[in-house]
Structures are given as structure tokens and as C-alpha cells.
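Data block below; observations after.
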Amino acid sequence: FEMVEEKLATQPIDDLHERVLNMVATCMIREPKYYESANNRVESLKENLEKLAEVDPEFILQMALYMREELNLRASTNYILAYCTMNKKTVPFVKTYFNACVRLPTDLGEVIEMVQHLKGVKGKKTEVSTCLKHAAKRKFPEFNIYQLGKYCSDNKRKREVNKLSKEKKKKQKKLEEKLKKEEEKNKKKKSKYVEVKEEVKEEKMEESVKEEKPEDEGNQISQETKEIEDIEKRKKLDMKTIIRVCHIAEPKMEVLSILGKRYPQDEESFKKEFPSKEFEKERAGKRLKLPIPVTWETEISAKGSNANNWEKLIKENQIPYMAMLRNIRNFITAGISEEVHQIVWDKISEPNAVANSRQFPFRYLSAFEALEINIDELNERQKNPEESKKKWKEGQKSKVKFGPKGNIIYPSRNLKIPKHPITQKIIENYKMALDEAIKIATLKNISPIQGKTVV
């Protein structure tokens, strides 16, 4: 990114460079949906990238690095990387910048998915250029066992696919509702002209449709149909597919674990595969698996979202800054001790922690909103836990629902009982800590925009 700033400072930048930089900068406000087939912003960006590739191809990769490092834009960076692996002019520079732009296994997966979208690949087929294969081979050994365990599990893949199918069903339901409304409108219009002659009826029908039907109604339906088609076209690739398509072989043990291969049966065959490692007899013949990383998510999932678990994780400094911001409400409702609250307040408002987190000020506003908590109700639960549970269970019986297949959907069975009483002082201290953090984030995490501003 320093190269980009140096070039902007020392060389005369023509309209094309400025135009592309401005388009990229607007992504900070709202990133476009790169998988949509008819997105004007994406099409415009692609056209300008093609023009810039003819003039200054390396600048595109430098800009991608600038976006990832300085602007913290993930999807836009991955889109530009995907484009650069396909353009002959930019391919020679991919090797220099690819590893620095791709940080996580999910980034690598998204770059390959975007390549499929740009090429219009359909079905089970996956096309990857030689440039991208080599880039993936170089980058994969840099991922640590923690990253691979967290982002390459089968459960992660299932969640992503389920998320996509839910999005598709939601859009299909909206489209069906709109089509039903249209049919009802048309039926009402036809009933007006039942006793009128056929010729006159047809003319009046056409006129009434023109007068009453909004111009953008048909466009909305066609747009929603396109969105559903885009979701159907979108390919979600798991790490197994990426390894096979890109012919990734190193690190060997991790690659074989992702592919689900078996541990060698004897020491001789093991030493052929892994000369520098020791043979573990108890694992012989068993399927290889990546170790499940011990994170705050796995700990809370396994042991529950209660005060004891949160206190332990906070004291051991196992919760990252952003996760701490997003779990403030959970800390309060669980009723952690004031001593542990103090650790959270100090960390949230610590200048270096705020600067290193690179969080924008609006993230702290979201945390402010999470502080709207009914303290009296929580304290009542803490004083009379058994009575509160009894009342809560009686109220939950009325919330039982039936799913689309006739299956019973039960509401949540857990009621949070705070360990310690919650006071207004705790809420106020959180507000003070967040207020201090917003001021620091405004100064350190946002670059000032030079020039005149009209408000």
C-alpha cells in the first residue's frame, strides 16, 4: 500500500487511475454484491479494470493490497484478485501480491468461487487457471493449524451451504407472494368487464392495466427472479475441492486430514510418507482429522454461555477484541463479577487495543444498542431462580410451533440466570468505556478525508 501512496504522491495520475480508486473507496460505505449478474457497479468496475490493465497492470494488484491492508475490504479485494488471475496483463504480478492479500482459507476459497462466477462456470465443473493454481500452492502452507481447523471443517461447509439455501428459499417465498398479489389484481380487473363486448373489453383491459400497474412492478419481479438465478449459479467450494483442483500437496499431514485419508497401518509405510515425524501406533488405520481449535466459540458451545465460562475466558485473555465488543450483552446477562467487568472496560478503551482492532466507530454504536437491558427482570431471576424457571417454562409451552414437514419446533430451553446482581453502575461504566473507544477509533482508525465538505 505504500507503493500506491508513493505513486499517487510522485506521479501524475490520469482520470482512469483516479476513477478506479474512487470506485474502490466507495466500497467502504457499501460493498457491491459481486455474485449478482446485473450489478451496474460491478460491471463498471470490471470495465475500468480492463482499461487500467492496458496502461498500468501492477497498479491494480497494489491497489488490492491497499484495500486489504488499509481499507479492510475483504470481498472487493478477493474480486480484484480473481480478475487479475484471469487477465494476461496482470498475471505476471499476481505472484508478488497474492500471499499478502489473502489472509484466511476462506479468502482463498472466495477468490476461486469468484473466478467461477466471472467465467460463468456451471454445474459441478470447476475451472482454475495455472496462475491461480500456483498461487494457491504457495499460499496454502502459510495457513496455520488453527486457521485450517476453524475454516476447513465439514461443519463450516454445511453452514455455508445451508445459509445459501435459506437465502434462496426466502427470496422464492417473496416472489411467490408478489405473483399471487398480481394474479388477484388481474382477476379483479377481469371481473369489471364480464358484461362488456369482447372487443371493448380487451381495449379497456389494456388501458386499465397501463393506468393502474406501476411501471417498476414488473421490473421488481424480474429482478427478484434474477437474484434467485444468481444464488443457484453460485458455487460454494469446500477445501477438499480446492486441494484437488489446485493439486495442493503441502503441508502433507494437514492436506491428508482435510481429504479424510487414513493414518498409515505400520511404521515403515509411515516413515515413507513422513520421514521427520514419529509414528503413533494408536492412530494406525484411523481416519485423519484436523484438530478442533480451542477457541472461545468452541468453549462456550461445549460448556454453555454462563458466568463461570465467560470469567475464565476473559481472565485467560482468550477473547479477541471484536468478539469482546459483540458479547458485551452476554457478559452482563450472565452476571460476571465486577472484577471481570473491569478487565473488559479496560480492554475496550485501551488506546493500542482500539487502534490494533481497526474497528470503525459504527461498531461501537452497535455495542451501545446492546446495552438496552431490563436490569430489574434479570435481578429478579437472580433472586428467585427456581420460580423464574417455572414461569418461563409455562410461557414457552405456548410458543411450540409446527415446521413445514409437520415436525415440532421447540423454543429455546435455556433461561439465563445471572450469577451476580446487575447494577446501573455496570451499564454506565460500559457506556463510558465505549464512548472513550469511539473517540480513539475516530482518531486512529479512520483516515481524514482532505478537501472541503458541504454538510
Side-chain angles (χ1 to χ4, degrees), residues 78 82 85 98-99 102-117 121-130 132-166 168 231-303:
N78 293 339
T85 60
F98 190 87
N99 283 17
V102 173
R103 291 185 182 178
L104 300 170
T106 45
D107 290 339
L108 179 60
E110 192 172 43
V111 171
I112 296 171
E113 284 170 13
M114 284 182 172
V115 167
Q116 308 313 300
H117 176 71
V121 179
K122 295 177 183 178
K124 293 183 179 180
K125 191 180 177 184
T126 307
E127 290 183 14
V128 180
S129 64
T130 308
L132 186 49
K133 281 180 186 177
H134 290 314
K137 282 181 185 177
R138 285 190 298 269
K139 180 62 191 178
F140 199 82
E142 291 186 10
F143 298 132
N144 58 44
I145 195 74
Y146 167 82
Q147 290 173 324
L148 294 173
K150 185 176 180 181
Y151 298 105
C152 302
S153 65
D154 290 335
N155 289 335
K156 176 79 176 173
R157 158 75 177 168
K158 284 173 189 173
R159 285 197 298 272
E160 290 292 325
V161 172
N162 289 338
K163 189 179 176 183
L164 210 60
S165 63
K166 280 179 185 176
K168 182 187 168 182
I231 292 169
E232 287 172 350
K233 286 177 190 174
R234 186 173 174 183
K235 290 169 75 74
K236 289 303 292 181
L237 302 174
D238 59 359
M239 199 51 68
K240 283 183 185 178
T241 307
I242 292 167
I243 286 169
R244 285 172 180 147
V245 169
C246 298
H247 309 297
I248 296 168
E250 295 295 335
K252 205 164 191 177
M253 184 64 83
E254 283 78 359
V255 168
L256 293 175
S257 298
I258 292 167
L259 295 174
K261 301 295 181 182
R262 292 191 181 276
Y263 198 86
Q265 292 282 2
D266 51 66
E267 192 170 355
E268 188 180 339
S269 54
F270 178 82
K271 286 294 179 183
K272 285 179 183 177
E273 293 283 339
F274 311 100
S276 60
K277 294 188 177 182
E278 287 187 16
F279 178 67
E280 296 174 39
K281 194 176 180 180
E282 64 277 5
R283 295 178 69 187
K286 292 181 181 177
R287 200 169 291 282
L288 289 165
K289 287 184 179 180
L290 287 169
I292 298 167
V294 179
T295 63
W296 70 269
E297 296 108 314
T298 55
E299 287 291 296
I300 292 298
S301 179
K303 298 174 184 177

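Source: prediction; values computed, not measured.
The heavy-atom pair separating Gln265 from Gly285 by the smallest distance is NE2-CA, 3.7 Å. Nearest heavy-atom pair across Pro105 and Leu148 is CG-CD2, 4.3 Å. Phe143 approaches Leu104 most closely through the heavy-atom pair CE2-C, 3.4 Å. Of all non-hydrogen atoms in Pro264 and Phe279, the two that sit nearest each other are O-CE1, 3.7 Å. The shortest non-hydrogen separation linking Asn144 to Gln147 is OD1-N, 2.7 Å.
Panel note: side chain Lys139, backbone Leu108; no donor-acceptor pair is recorded below 3.5 Å. Remark: side-chain polar atoms of Glu127 are not paired, donor with acceptor, to backbone N or O of Gln116 under 3.5 angstrom.
Side-chain contact between Ser129 and Val115 is absent, with no heavy-atom pair separated by less than 4.5 Å. Looking only at side-chain heavy atoms (C-beta outward), Lys261 and Val255 stay at 4.5 Å or farther from each other. Taking 4.5 Å as the limit, every side-chain heavy atom of Glu113 sits out of range of all side-chain heavy atoms of Asn78. In this structure the side chain of Pro251 reaches within 4.5 angstrom of the side chain of Phe140, judged on heavy atoms. Looking only at side-chain heavy atoms (C-beta outward), Arg262 and Leu256 stay at 4.5 Å or farther from each other.
From Glu254, atom CD reaches atom CG of Leu288 across 10.0 Å, with rounding to the nearest 0.5 Å. Taking CE of Met114 as the start and OG1 of Thr85 as the end, the distance is 11.5 Å to the nearest 0.5 Å. Atom-to-atom distance recorded for Tyr263:OH and Met253:CE is 5.5 Å, nearest 0.5 angstrom. Annotation: the span from Lys133 atom NZ to Arg138 atom CZ amounts to 14.0 Å, rounded to 0.5 Å. Atom NZ of Lys252 is separated from atom OG of Ser276 by 10.5 Å, given to the nearest 0.5 angstrom. To the nearest 0.5 Å, the span separating CD1 on Ile112 from CD1 on Ile242 amounts to 4.5 Å.
Classified by interplanar angle (parallel below 30°, tilted 30° to 60°, perpendicular above 60°), the ring pair Phe270/Phe274 is tilted.
The local environment of CD in Glu142 is crowded, with over 12 non-hydrogen atoms from other residues, nucleotides or ligands closer than 6.0 Å.
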